[in-house]
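Beneath this line is the structure, given in structure tokens, with notes to follow.
Whatever order the structure lists ligands and atoms in, that order sets their numbers, starting from 1. What you are looking at is a predicted structure, and each value in this text was computed from that prediction instead of being measured.
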Amino acid sequence: MDLIIAKDYSDLSRRASRIIASEIKKKPDLVLGLATGSTPLGTYQELVRLYREEGLDFSRVVTFNLDEYYGISMDNPQSYHYYMFENFFKHVNIKPENIHIPDGMAGDVEAHCKKYDEEIAKYGGIDLQLLGIGQNGHIGFNEPGDELLTATHLTNLTQNTIEANSRFFKSMDEVPKQAITMGLGTIIQAKKIVLLASGKNKAEIMAELLDENAVSTKNPASFLLLHKDVTVIIDEEAAMLYSSMSHESGDGSLKKFMLGKCFYGHLNKKRPSDHSV
Ligand SMILES: N[C@@H]1[C@@H](O)[C@H](O)[C@@H](COP(=O)(O)O)O[C@@H]1O
């Protein structure tokens, strides 16, 4: 796992978009896994800018979104369909037939989920998966619990997630209580993963993820520690607890981060104390 500590949200968004752009240039028919929430918004804006100003070509890119609320239709402004079209798809030259998002109104959910995974497999799996993280460690809508499911499935949202996501809705009652999400297996099979976290409200979960070096179903994102190509990009606010804990280790080294390398992106150089494994 590589860790990049970006200066702020704009820096984080630029860095994430550059990684995605470089993968598209290497493989124009990239299979791109996409996330929603507020964190990737800046990344989408940057990608749109790269399309407009630098001709980044999405015409052969295939996308699969991580998740969708269950019980709301795609024209509902709170749906992830709506979000993706408004914030990204309608601004670039992606082909509608190359866009895949779980259907929140699917009648036979089980069959729909199965088909979603089959479709991903048909394209040879996801090349690059973009991820945000919930304050409770959820990725997609894989919530902490006693077990985590591997395949795409219908899931119940935890109270913590319902509360966190209620900021996008008029009232708590309107927040869907269920969602369709890719499973941990689908996510972890992506060839490359980029996880983004921004802001103080992600500091605790990021410290837990980066400092503990342990895998637990209580923190679904911890399974990313097992993946060989994960880049975590966080801004200084989200790194707040992680950095200070590490710096308090005495010699100023980021010694707890043993599984990969830490890179202070905005300083434009590796710190002498950084670990590379
Ligand atoms: N299902 C999405 C996740 O994929 C996302 O990572 C999370 C964090 O959202 P935000 O970036 O707004 O903090 O929100 C939702 O629950």
Side-chain angles (χ1 to χ4, degrees), residues 6 8-10 12-13 16-17 32-46 63-72 74 76-84 86-88 100-104 113 116 126 128-145 148-149 152-169 172 174-184 186-188 190 193-206 208-209 219-224 230-235 237-240:
D8 52 25
Y9 181 66
S10 313
L12 171 150
S13 303
S17 68
L32 185 56
L34 294 174
T36 50
S38 43
T39 313
L41 280 174
T43 305
Y44 294 140
Q45 274 165 19
E46 267 301 301
T63 63
F64 283 91
N65 263 78
L66 275 171
D67 48 15
E68 176 61 284
Y69 287 119
Y70 187 62
I72 60 179
M74 44 184 92
N76 184 320
Q78 306 300 345
S79 74
Y80 287 167
H81 270 83
Y82 194 92
Y83 168 109
M84 287 309 302
E86 280 307 302
N87 294 304
F88 185 39
H100 304 83
I101 308 176
D103 179 2
C113 293
Y116 201 70
I126 289 168
L128 169 59
Q129 177 66 57
L130 182 65
L131 292 178
I133 183 168
Q135 289 174 42
N136 61 2
H138 76 220
I139 48 178
F141 271 126
N142 292 279
E143 299 278 36
L148 294 168
L149 299 182
T152 299
H153 60 280
L154 180 68
T155 186
N156 295 325
L157 304 181
T158 59
Q159 193 54 31
N160 176 299
T161 298
I162 293 168
E163 280 164 25
N165 290 1
S166 66
R167 68 190 193 278
F168 299 112
F169 293 81
M172 192 80 96
E174 278 184 28
V175 189
K177 310 291 179 289
Q178 288 185 302
I180 295 175
T181 182
M182 274 185 204
L184 248 296
T186 318
I187 295 171
I188 211 106
I193 295 176
V194 174
L195 173 78
L196 307 179
S198 165
K200 292 189 189 103
N201 63 352
K202 298 292 166 67
E204 209 170 309
I205 191 67
M206 291 316 293
E208 194 183 307
L209 177 68
N219 180 2
S222 66
F223 281 79
L224 299 175
V230 179
T231 302
V232 175
I233 311 180
I234 54 178
D235 59 15
E237 285 191 349
M240 211 162 58

Indicate yes or no for a side-chain donor-acceptor contact from [X] to the backbone of [Y] under 3.5 Å, with no hydrogens or angles considered.
| X | Y | result |
| --- | --- | --- |
| Asp235 | Gly199 | yes |
| Asn65 | Pro102 | no |
| Gln178 | Gly71 | no |

Would you tabulate the polar-atom pairs, meaning N/O of ligand 1 against N/O of the protein, with distances under 3.5 Å, reported to 0.1 Å?
from	atom 1	to	atom 2	distance (Å)
ligand 1	1 (N)	Asp67	OD2	2.7
ligand 1	1 (N)	Gly140	O	3.2
ligand 1	6 (O)	Ile133	N	3.2
ligand 1	11 (O)	Ser38	N	3.3
ligand 1	11 (O)	Thr39	N	3.0
ligand 1	11 (O)	Thr39	OG1	2.4
ligand 1	12 (O)	Ser38	N	2.7
ligand 1	12 (O)	Ser38	OG	2.6
ligand 1	12 (O)	Arg167	NH2	2.7
ligand 1	13 (O)	Lys202	NZ	2.5
ligand 1	16 (O)	His138	NE2	2.9
ligand 1	16 (O)	Asn165	ND2	3.3

For the rings on Phe169 and Tyr69, is their centre-to-centre separation under 6.0 Å? yes
Could you check Asn87, Leu196, Ile233 and say which one makes a side-chain contact (heavy atoms from CB on, under 4.5 Å) with Thr43?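 It is Leu196; the other options fail the test.
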Pick from Thr181, Asn160, Asn136: which one makes a side chain to side chain donor-acceptor pair (under 3.5 Å) with Glu143?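 Single side chain to side chain donor-acceptor pair (under 3.5 Å) partner of Glu143 among Thr181, Asn160, Asn136: Asn136.
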